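In what follows, a structure is listed as structure tokens, so that the remarks can point back to it.
For the single chain, residues carry numbers from 1 onward in sequence order. We count ligands from 1, going down the list as the structure has it; atoms in each ligand are counted the same way. Everything quoted here is computed from the prediction, not taken from an experiment.
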Amino acid sequence: MKTANDIRATFLDYFAKNGHQVVDSSPLVPRNDPTLMFTNAGMVQFKNVFTGAETRPYSRAATSQKCVRAGGKHNDLDNVGYTARHHTFFEMLGNFSFGDYFKDQAIELAWNLITKEFGLPADKLTVTVHTSDEEAAGLWRRIAGLPDERIIRIPTDDNFWRMGDTGPCGPCSEIFYDHGPAVAGGPPGSADADGDRFIEIWNLVFMQFEQRGPDDLVPLPKPSIDTGMGLERLAAVLQGRHDNYDIDLMRSLILASADATSSAPDGPHAVSHRVIADHLRSCSFLIADGVLPSNEGRGYVLRRIMRRAMRHAHMIGARDPLMHRLVPALITQMGDAYPELTRARALIVETLKLEETRFKQTLERGLRLLEEEEARLDAGRALPGDVAFKLYDTYGFPLDLTQDVLRGRGRGVDEAGFKAAMDEQRRKAREAWAGSGEAATERLWFELRDELGATEFFGYDTEVAEGKVTALVRGDARVEQAGIGDQVFVIVNQTPFYAESGGQVGDTGVIFSPGGAEVVVTDTLKKLGAVWAHAGTVTKGTLKVGDVVELRVDGERRGAIRANHSATHLLHKALQDRLGEHVTQKGSLVAPDRLRFDISQPTPLAPADVEEIEKVVNARILANSEVVTRLMSPDEARAMGAMALFGEKYGDEVRVVSMGGPHGDLQRDYSIELCGGTHVRRTGDIGLFKVVSEGAVAAGVRRIEALTGKGAFAWLEQRDHLLTEAASALKVAPAEVPARVAALVEERRKLERELAELRRQVAMGGGGPQSGGGAREVNGVKFLARVAEGLPAKDLKPMADDLKKQVESGVVAVIAVNDGKASVVVGVTDDLTGRFSAVDLVRTAAEALGGKGGGGRPDMAQAGGPDGARANDAVAALEAVLAG
Ligand code: SER
């Protein structure tokens, strides 16, 4: 038997042999189409290649594409579990030609694959073509040899495939497998076509047009091919099954569910096992592609699917959370074909476990309430909307979960009543806000938040994506369009731009509209924690609300920010390890050119601390371990030892980023932090880490600034230049610079000492200690004054003492002039202190020097003055005092 994995491989090998590039499945959340909730066909990732807006290095491709149909236009959720062919998640096998081959070769390739490689008997196959497409009918006759009665012309849109209201489209031809007369149903186009006998397995679309608007159909640059074949359906046919849930892949998941709950796979809980098998796939793949459960948008669709599965697990009687225990079975089946599943294993397991643990707390009580309410209702009467709303609001029951519970009992829900209750709650919230007296701009953001919902952020795994402009804000008013020179906030439904938060700066980049508008984004802000506001200036064209735009983050800048953010986490941990548990984060800035980290720490970091921290962080960088993101409850995160900001309010679920530990060992990771920022994939991407400053910012708070990657390298390079320059100026090798500088400093100190001594000697009269030369008799008192340049002030008193000894009886003065300023010391020998006070005299001198005051004892006093040039005036002033 060919397993589903064999069939997928055969399909891709076959097209590879026929000159096709095998391309990976694109993510479930389309980056290139903001109007699509989830990728729902193989052609989604090639949409712009068909229209010619994008070129690829190949013109033929083949894929096995992950698809989800839930929540959006194609919503299969309600039927899943109850029917043979509904899935929320399925794989679409497809081959594509971008202006390469067209109808004839597409038909030939398809026919040969299913009849020769897969060996399906030709007489079991029937095809349809669009009534207008005689060419295709002729090709089926010629290439496949099909008789005319098995080439059915369909006049309706069933055979004209459209992506949506806009996008590439064209007539199509479908291949049906006939399960034989034992199954009820008729051929396509017949009255009982809806029966299960003829099953469509492959759709070949002859892409010829692009729908640009309601009445705007233009030809594609080149006719192209897009085919899609559901792997599950094909596998059912090839494995001789009639039900997609009986193929090996689905069966193994059903058995895993049965096994984990000790219940029979085909017993009374058969539907629940099928629901769980299907939902396990959609939930796990969505989580792997970055969707996390939330109360809005895609996250809410995921939550609805998860909770639907969890209700079925509850019905089977699973006491403990079940879904996460089935992930290994899924990875065994699909992990080889989709390695992203294996990579995201921890995130998937923890997200499922968290959601189920939490939902279990209200599920039972909600079901009890539902039963009580039902008991009051007449048979067949719909459940009142306010009850459904209470179940939603208080017990976390999505509307479709309540509907699913009631489905088996033949009861519906008053949906209009549910919506009215929901609107009423919103209205109250608005009123409460309006009453808070906030500024008009804040009210505007509140209205936008209410009306548009939260912006979806794609930036954890992409820097380019398409979004739809949902609002434009200029000043504090909404506008419908913005032209050249206008400064605006652009709001879109989804974006790869990171909005400033948690210390990480907002992204910059460009927004382009297909109509030629261009907005240069200089910052991105998050309003009310939910609405992304791209702040920018229109530099080209006119941007309008409703435009589908391409948002392009400045990737180089973001790369540098990522490196700095991850390095901040490593630094935080290294600081704690080195300095102690008291170290907590007091603030941080993660910018492209540097990182800044403030910590509670009373004393400066010693150079050895800084060195050790750099060494440790760089060792973690070099180990190049994976950076892992998980989602968990704040309590669980703390139990894991995650570092969180004290006093910070966290939501029900937090992102936990860990890095630097042994490969794959999540329990022993090095740094574990609560964080919503963007990070490198592996620590090696940080490149290099260098602390460039450490200092105080407030009492008990130290600030560390550091660089990473290219910035750190440039900084070190600059240092190296300085060293080289210094070495060349000193005429020594760089390694000898420190010794040479030390020697020079020592030499200089020695010379300074010698110079001071010489100056002192000069000041003292050039002769020996007894020379006493230059003393004058003023009014019978010996007066000796010295004025000298460059004498240290501390030398003045000893010099005055010396001079006093020289004159034996008299008044002495020493004035030193340094940098234009004067210091003066006056000494009076003991026998004269009755007549003259050194303190009075020095004040006189100080005054002459432009200063004031002075102090000391009657025999020795000191002062200073700013006007060193008037040193001689000071001497004259002293002499005048002595002269009386
Ligand atoms: N786009 C077509 C489909 O989804 C064929 O791949 O059916």
Side-chain angles (χ1 to χ4, degrees), residues 7-8 11-12 14-15 20-28 30 32-33 35-51 60-70 72-76 85-103 105-107 109-111 113-114 127-130 133 136 154 156-177 188 193 198-211 217 220 223-235 237 244:
I7 296 166
R8 189 192 304 109
F11 179 92
L12 295 175
Y14 170 81
F15 281 103
H20 291 65
Q21 173 76 40
V22 175
V23 177
D24 283 345
S25 169
S26 65
L28 281 168
N32 60 351
D33 191 332
T35 60
L36 259 188
M37 184 156 251
F38 297 119
T39 302
N40 59 6
M43 56 75 64
V44 168
Q45 67 164 311
F46 302 117
K47 183 187 98 174
N48 295 335
V49 187
F50 285 121
T51 60
R60 298 173 170 210
T63 60
S64 152
Q65 174 67 48
K66 304 176 277 190
C67 296
V68 162
R69 289 196 178 167
K73 191 169 164 191
H74 305 277
N75 187 358
D76 288 344
R85 272 173 294 280
H86 280 105
H87 302 272
T88 54
F89 176 93
F90 64 99
E91 292 175 73
M92 190 181 274
L93 304 173
N95 58 291
F96 306 90
S97 148
F98 311 116
D100 188 313
Y101 57 82
F102 197 44
K103 281 183 205 179
Q105 210 175 337
I107 289 174
L109 283 165
W111 186 254
L113 175 65
I114 50 175
V127 301
T128 59
V129 296
H130 193 255
D133 198 359
I154 304 279
T156 66
D157 261 9
D158 280 356
N159 276 61
F160 193 96
W161 193 87
R162 281 191 173 80
M163 189 185 175
D165 295 339
T166 58
C169 55
C172 64
S173 180
E174 296 182 326
I175 304 174
F176 287 74
Y177 182 80
F198 289 86
I199 297 300
E200 182 220 322
I201 54 171
W202 204 347
N203 183 14
L204 315 184
V205 184
F206 311 126
M207 291 287 196
Q208 274 172 286
F209 308 104
E210 183 188 357
Q211 190 88 47
L217 193 69
L220 288 182
S224 296
I225 292 296
D226 150 35
T227 84
M229 174 154 61
L231 173 64
E232 298 77 5
R233 286 179 178 212
L234 177 66
V237 168
N244 288 4

| message | As a quick check of understanding, evaluate side chain to side chain contact (heavy atoms under 4.5 Å, CB included) for Val44 and Asn32, giving each step before the final call. | response | CA-CA 8 Å; Val44 168; Asn32 60 351; 4.1 Å; yes
| task | Test Tyr177 against Phe198 for ring-ring contact (aromatic ring centres under 6.0 Å, His included), laying out the working first. | result | CA-CA 5 Å; Tyr177 182 80; Phe198 289 86; 9.3 Å; no
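Looking only at protein heavy atoms, the nearest one to atom 7 (O) of ligand 1 is Asn203 ND2, 3.1 Å.
Ring planes of His130 and Phe160: perpendicular class, angle over 60° (limits at 30 and 60°).
For a threshold of 3.5 Å applied to N or O pairs, the pair formed by Asp226 and ligand 1 contains at least one separation below that value. Taking only nitrogen or oxygen atoms, main chain and side chain alike, Met43 does not reach within less than 3.5 Å of ligand 1.
Contact atoms of ligand 1 toward Thr227: 5 (C), 6 (O) (distance under 4.0 Å to a heavy atom of the residue). Taking a cut-off of under 4.0 Å to the non-hydrogen atoms of Val205, the atoms of ligand 1 that pass are 2 (C), 5 (C). Near Gly228, with a cut-off below 4.0 Å to any heavy atom, the atoms of ligand 1 are 5 (C), 6 (O). Near Ala41, with a cut-off below 4.0 Å to any heavy atom, the atoms of ligand 1 are 4 (O).
Listed for the Thr39 side chain is a donor-acceptor partner under 3.5 Å among the backbone atoms of Leu28. Formation of a donor-acceptor pair under 3.5 Å by the Asn159 side chain with backbone atoms of Cys172 is found in this model.
Applying the side-chain hydrogen bond (donor to acceptor under 3.5 Å, both in side chains) rule to pairs touching residues 166-175 yields Trp140-Ser173, sequence neighbours excluded.
Ligand 1 does not have Met229 within reach: every non-hydrogen atom of the residue lies 4.0 Å or more from it.
Which of Phe96, Phe46, Trp161 comes nearest to atom 3 (C) of ligand 1 through a heavy atom is settled by distance: it is Trp161.
Heavy atoms of Met92 found under 4.0 angstrom from ligand 1 belong exclusively to the side chain.
Note: Phe11 and His20 fail the aromatic proximity criterion, with ring centroids not under 6.0 Å apart.
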